[in-house]
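Single-structure report; data block below.
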Protein chains: 2
Amino acid sequence: MNTKEIEIYKKIKQAIIQQKLRPNMQLVEKEIAEAFGVSRTPVRNVLRRLSYERLVKIIENKGAFVTCSSIEEAKEVFEMRRILESRAVRNACRLSSEEQLRELEKMVKEELSTYQHVDYVEAIQMSGEFHLKIAEMAGNSYFYRYLEDLISLTYVIISIYGRGQEEKSTCLHHLDIFNAIKKRDEDLAEKVTLEHLNDIEDNLRFHENLQIPTTLSEIFHP
Amino acid sequence: MNTKEIEIYKKIKQAIIQQKLRPNMQLVEKEIAEAFGVSRTPVRNVLRRLSYERLVKIIENKGAFVTCSSIEEAKEVFEMRRILESRAVRNACRLSSEEQLRELEKMVKEELSTYQHVDYVEAIQMSGEFHLKIAEMAGNSYFYRYLEDLISLTYVIISIYGRGQEEKSTCLHHLDIFNAIKKRDEDLAEKVTLEHLNDIEDNLRFHENLQIPTTLSEIFHP
DNA sequence: GCAAACATGATTGTATACAATCGCTAATAC
DNA sequence: GTATTAGCGATTGTATACAATCATGTTTGC
């Protein structure tokens, strides 16, 4: 992807994450192309890329739609996050430099001081970036690569199944995780990370037979 | 990707895996397009997909080249395989159906009976498919998704750093892994899987200052 | 003779025209 | 009145023409 495509890519991804583009919305190539003043070609490339990352779903001859993960898909995302992040945080305990620790600390502090002042979507995004920072500290680019996609998907999942309010505990958990890494206590770091991820998942409304209307007929003929 | 693109995708991927397209070879869009009797458009889509999977590397305004993983990249691939496969095989112990076990057994038996009669490349590919089968049995599509790419990359890595002969032990290890899964012995299954992956990595020539010539000047001015 | 600028060919990047497909509406058959 | 079919509009899929870029080789200036 070149500069132009990356620009479009980031804007669309951000719009999905910030829920400006809601699940199941169709992304019409021509409209996006006009919005960015380019032809459909680079837009198509970006949509394909986003479909590899599963943020959009491309249906042949129909178009690209913002992902609307099912409950099963959401559970898979959380299971894989637990697997990868438990290992990532252990690696981070062993490998992270003092410089990286300071950066991580700065992120936690910022989260703690702003989480009530910023809006919900922004808070979730800050939280995600904390997790990604740990992936970056794990010394294997695949952690970052995979978790970047899984965390982006988590934003969408929260937008579907979330309760629309950030849990106060999130920042505190992050503080616990940071302290464990700083102490280089691998077992503790893994433990609090797993508890934290379970907490997030437990706060989703998987059991309240939440209907995700996919088609208009599902809305009008329930 | 539609049927036509999937066809092209599989053929190119297979050619890379079978070492007909060697590392660092340039994949010229026009040539591939003519070979398949299509325009450059679907070829470009396939090359982008392959670059997302890291089997090819696209350099802007220069073209697409078959991946030539560095030693560091190769080590990352093996580390991530150990992380994912150790968990996948544990899941497989718990979740696999009798039907799946029979299929896996069939694969091992076939490997054992043919590994000396088939050529090197084919043997490696059979080995990879055994690992993928376990990923499929792990009950989370991300195992398959990630390991499909990591195993494909492993083929390329072996073609660069391998000794050009299959280790006899590979099939026997697979048999051990299968037996552990059949016994539903998670700890044992994880142990033999990790040993097996370490074995494969240890047999690569990372330390024989193997030069991968990238440019001609590296060849003539060592 | 050597270095820098220029020209050329090959390849990729982008825009656009056209073809194929799909969903919807309306017309038709019964 | 209902079901099937035909046609239309909108959208995506493909091919192609043209622009931008890079590497190579040649010319030119000194």
Side-chain angles (χ1 to χ4, degrees), chain A residues 1-12 15-16 21-68 213-221, chain B residues 1-12 16 21-52 54-68 213-221:
Chain A
M1 294 214 305
N2 56 35
T3 324
K4 188 186 289 183
E5 284 178 5
I6 290 175
E7 157 96 3
I8 300 169
Y9 164 77
K10 284 185 177 167
K11 287 261 173 69
I12 296 181
I16 293 174
L21 295 170
R22 308 275 311 177
N24 281 326
M25 263 192 180
Q26 181 165 10
L27 304 169
V28 178
E29 296 171 0
K30 198 184 167 196
E31 290 174 10
I32 298 170
E34 283 168 1
F36 285 98
V38 296
S39 76
R40 278 170 52 211
T41 310
V43 174
R44 284 175 67 79
N45 293 334
V46 167
L47 291 177
R48 272 169 176 270
R49 165 77 186 262
L50 286 166
S51 86
Y52 300 149
E53 298 174 7
R54 304 204 175 175
L55 270 186
V56 315
K57 187 171 187 174
I58 292 179
I59 303 174
E60 233 191 302
N61 289 317
K62 285 196 63 181
F65 302 83
V66 178
T67 285
C68 187
T214 317
T215 61
L216 284 182
S217 69
E218 278 182 52
I219 296 175
F220 295 122
H221 310 292
Chain B
M1 297 217 301
N2 55 37
T3 325
K4 188 187 289 184
E5 285 177 4
I6 289 175
E7 158 97 1
I8 300 169
Y9 165 77
K10 284 186 178 168
K11 286 262 173 69
I12 295 181
I16 294 174
L21 295 169
R22 308 274 312 175
N24 280 327
M25 264 193 180
Q26 181 164 9
L27 303 169
V28 178
E29 296 171 0
K30 198 184 166 196
E31 291 173 9
I32 299 171
E34 284 168 0
F36 285 98
V38 296
S39 76
R40 279 171 50 212
T41 311
V43 175
R44 285 174 67 78
N45 292 335
V46 168
L47 291 176
R48 275 169 173 269
R49 162 85 185 257
L50 286 166
S51 90
Y52 183 73
R54 302 203 178 177
L55 271 186
V56 315
K57 187 171 186 174
I58 291 178
I59 303 174
E60 231 190 305
N61 289 316
K62 286 196 62 181
F65 302 83
V66 177
T67 286
C68 185
T214 318
T215 63
L216 284 182
S217 72
E218 278 182 52
I219 294 175
F220 295 122
H221 310 294

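Below, chain A is the first sequence line, B the second, and so on; all start at residue 1. Keep in mind it's a predicted model, so treat the numbers as computed, not measured.
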Checklist entry - Can you tell me if Gln26(B) uses its side chain to pair, donor with acceptor, with the backbone of Lys62(B) under 3.5 Å? => result yes
Checklist outcome for this item: For Lys4(B) and Val38(B), the nearest pair of non-hydrogen atoms, with its separation, is CD-CG1, 3.6 Å
Checklist entry - First and last nucleotide of DNA chain C in contact with chain B, 5' to 3', at under 4.0 Å to a heavy atom: what are they? => result dT11(C) to dT14(C)
Checklist entry - Are any side-chain N or O atoms of Glu60(A) and backbone N or O atoms of Thr3(B), one a donor and one an acceptor, separated by less than 3.5 Å? => result no
Next on the checklist: How close do Thr67(A) and Pro23(A) get, counting heavy atoms only, and between which atoms?
Outcome noted: O-CB, 3.4 Å
Next on the checklist: Looking at every non-hydrogen atom in both residues, tell me the closest pair between Ile32(B) and Leu27(B) and how far apart they are.
Outcome noted: CD1-CB, 3.8 Å
Item to check | Residue-level proximity of residues 41-57 of chain A to DNA chain D when a heavy atom falls under 4.0 Å | outcome: Arg44(A)
Next on the checklist: With nearest nucleotide decided by heavy atoms, which residue, Val28(B) or Gly37(A), maps closer to the 5′ end of DNA chain C?
Outcome noted: Val28(B)
Next on the checklist: Need one value for Glu5(B): base, sugar-phosphate or nothing, where a base atom within 4.0 Å counts as base even if backbone is also close, heavy atoms only.
Outcome noted: sugar-phosphate
Checklist entry - Can Ile58(B) and Arg48(B) be said to form a side-chain contact (heavy atoms from CB on, under 4.5 Å), step by step? => result CA-CA 8 Å; Ile58(B) 291 178; Arg48(B) 275 169 173 269; 4.2 Å; yes
Next on the checklist: Ignoring hydrogens, what is the shortest heavy-atom contact between Asn45(B) and Tyr52(A)? Give both atom names and the distance.
Outcome noted: O-OH, 3.9 Å
Checklist entry - What closest approach, in Å, do Val46(B) and Tyr9(B) show between heavy atoms, and which atom pair accounts for it? => result CG1-CA, 3.5 Å
